[in-house]
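Comments concern the structure below.
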Amino acid sequence: MAEAIAVKQVPFSWEGTDSAGKRIKGKTIAADEAAVRAELRRQGVVPMRVRKQTTLFQSKGKVTAEDIAIFSRQLATMLAAGIPLVQAFEIVGNGHENPAMSELVLAVKQDVEGGTSLHEALAKHPLHFDDLFVNLVEAGEQAGALETLLDKIATYKEKTEAIKKKIKKALFYPAAVVVVAIIVTAILLIFVIPEFENLFSGFGADLPAFTRMVIDLSEFVRDQGWLLAIGIVAGVTGYLHTYKRSRRLREIQDRVILKLPVIGPIMVKAAIARFARTLSTMFSAGVPLVEALDSVAGATGNIVYENAVMEMKDEVATGQRLQRAMENTDLFPNMVIQMIAVGEESGSLDEMSGKVADFYEEDVDNAVDSMSSLLEPLIMAVLGVLVGGLVVAMYLPIFKMGAVI
């Protein structure tokens with residue numbers, strides 16, 4: 001019965017006046033308009049207008065990882081300030097600019113208000129709150145230190161999102177330039193080169209080999225370009241479709257990425273940073289090491305490291321030290337292993353893994369900036385050779401004609 005009621009709950013927007021006569025407005029989730037009005041009156045608000053949100057409104061927006069990180073920080077801050085949990089959800093939900101996030105927060109608030117524990121309410125939304133998030137909240141509830149654990153979650157989310165942004169920055173810049181180069185080259189081959197070809201047809205002389213090659217390429221792109229485009233789109237779509245369903249393909253891609261000359265070292269550092277940050281957060285929350293490694297594996301962002309961490313978990317579960325298990329993977333630098341060893345010996349594994357995370361997060365930051373600085377002149381040179389080569393190919397016959405004259 002409870003599940004049927006939960007399904008029928010929909011978002012409403014409302015306007016009313018508070019006890020001081022001030023006009024206020026907000027959003028909430030309820031089964032019907034009467035329930036909204038009753039809840040508002042219970043809170044001391046006189047409802048003036050209550051409207052059910054349309055399906056179009058509900059579909060707007062998307063809950064992002066950054067939204068979850070901000071939500072975690074807001075909730076941690078408000079609980080630390082002594083604001084009750086339900087009221088904190090009300091404030092965050094009604095004040096959020098993203099309708100999808102607002103709807104999510106108010107749905108969780110509705111469950112908590114109905115007597116559900118916070119971690120159970122969050123677990124109903126696995127697409128937005130992963131096992132790590134839920135487990136840490138549960139640990140905070142059981143220890144009576146929810147605001148402390150939420151602060152750790154917020155810090156963890158902020159750090160991991162910062163790393164993700166750096167990785168996206170590292171990959172986006174060269175990819176964007178390659179796309180621009182392809183578009184510029186296609187425009188030249190389809191629209192510019194044919195004009196020169198018409199000009200050269202009246203010369204009555206043989207064209208240089210380089211010019212002839214570029215003209216042939218232009219003719220191919222104009223005549224068969226649509227087949228080439230369809231083939232590329234079909235290939236990319238097929239790859240993405242298979243990639244989502246094949247763990248083996250994802251593992252092969254991740255392994256190849258780790259071995260790439262420039263991007264590879266950055267991805268390795270990012271995986272280690274995520275490993276260390278997640279381990280630090282989980283262990284400081286009192287989660288047992290073997291159980292923590294389950295969440296750590298999924299947080300590394302790379303299947304190669306994920307498989308390695310799961311192997312480490314099995315070894316640790318049989319009594320092996322974490323340091324020795326890390327050595328057996330051949331994926332972690334000696335410095336990381338030694339710091340983890342010191343943490344195990346001194347009983348401060350959370351602190352030492354946190355220091356590892358800080359070091360590698362900063363290292364990723366510096367590596368991305370250095371890569372961007374190195375790539376800029378290289379990319380400009382490639383673009384210059386590509387576009388300049390096409391221009392030179394078109395002007396070679398003109399130079400040749402000028403020399404003859």
Side-chain angles (χ1 to χ4, degrees), residues 166-243 246 249-250 252-268 270 364 366-405:
K166 285 294 178 183
I167 297 302
K168 287 179 181 178
K169 178 183 176 183
L171 298 176
F172 175 78
Y173 183 68
V177 173
V178 169
V179 170
V180 170
I182 291 173
I183 292 173
V184 170
T185 303
I187 291 173
L188 290 174
L189 290 173
I190 295 172
F191 299 105
V192 178
I193 303 301
E195 296 299 323
F196 280 92
E197 185 181 2
N198 294 334
L199 175 65
F200 298 152
S201 62
F203 278 13
D206 293 335
L207 296 175
F210 186 33
T211 304
R212 188 69 259 167
M213 183 185 70
V214 172
I215 290 176
D216 291 342
L217 178 61
S218 173
E219 290 176 350
F220 173 79
V221 170
R222 279 178 287 153
D223 296 339
Q224 308 294 332
W226 63 277
L227 287 175
L228 184 63
I230 291 175
I232 292 174
V233 171
V236 172
T237 303
Y239 179 82
L240 294 176
H241 180 80
T242 307
Y243 178 83
S246 171
L249 178 59
R250 295 198 301 273
I252 292 172
Q253 177 179 293
D254 285 351
R255 197 174 294 277
V256 169
I257 288 175
L258 292 179
K259 296 183 181 299
L260 292 177
V262 180
I263 298 294
I266 296 178
M267 300 302 287
V268 168
V364 169
N366 295 333
V368 171
D369 290 339
S370 298
M371 188 192 74
S372 299
S373 300
L374 290 172
L375 281 178
E376 284 177 8
L378 179 62
I379 289 172
M380 293 302 295
V382 170
L383 283 176
V385 170
L386 187 62
V387 177
L390 294 177
V391 172
V392 169
M394 292 302 98
Y395 278 93
L396 273 177
I398 298 175
F399 296 152
K400 183 178 179 181
M401 184 178 66
V404 171
I405 293 175

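Within the model, atoms CG of Leu396 and CZ of Phe196 stand 11.5 Å from one another, a figure rounded to the nearest 0.5 Å. Rounded to the nearest 0.5 Å, atoms CD1 (Ile187) and CD1 (Ile182) are 12.0 Å apart. Atom OG1 of Thr185 and atom CG of Leu217 lie 9.0 Å apart (nearest 0.5 Å). Atom CD1 of Ile263 sits about 9.0 Å away from atom CD1 of Ile257, to the nearest 0.5 Å.
When all heavy atoms of Pro194 and Leu189 are compared, the pair lying nearest together is CD-O, 3.5 Å. Leu260 approaches Pro265 most closely through the heavy-atom pair O-CD, 3.5 Å. In terms of heavy-atom proximity, Phe210 sits nearest to Gly389 at CE2-O, 3.5 Å.
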Might you work through the side chain to side chain contact (heavy atoms under 4.5 Å, CB included) test for Leu228 and Val221, ending with a clear yes or no? CA-CA 8 Å; Leu228 184 63; Val221 170; 5.7 Å; no
Run the salt bridge (charged side-chain N to carboxylate O under 4.0 Å, His left out) test on Asp216 and Arg212 for me, step by step, so that the C-alpha distance in whole Å, both residues' side-chain angles and the decisive distance to 0.1 Å come before the verdict. CA-CA 6 Å; Asp216 291 342; Arg212 188 69 259 167; 3.4 Å; yes
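Between Val368 and Val364 the shortest side-chain heavy-atom distance falls below 4.5 Å. Annotation: side chain of Ile193 is not in contact with side chain of Glu219 (no heavy-atom distance under 4.5 Å).
Heavy-atom contacts from other residues, nucleotides or ligands closer than 6.0 Å to CE of Met213 number more than 12. Other residues, nucleotides and ligands place no more than 12 heavy atoms under 6.0 Å from the CZ atom of Arg255. Remark: Phe191 CZ is loosely packed, at most 12 non-hydrogen atoms of other residues, nucleotides or ligands lying under 6.0 Å away. Annotation: Tyr243, atom OH; neighbour count of heavy atoms from other residues, nucleotides and ligands within 6.0 Å is above 12.
Looking at Ser218, its side chain never comes within 3.5 Å of a backbone N or O of Ile190 through a donor-acceptor pair. Thr237 places a side-chain N or O within donor-acceptor distance of the main-chain N or O of Val233, the cut-off being under 3.5 Å.
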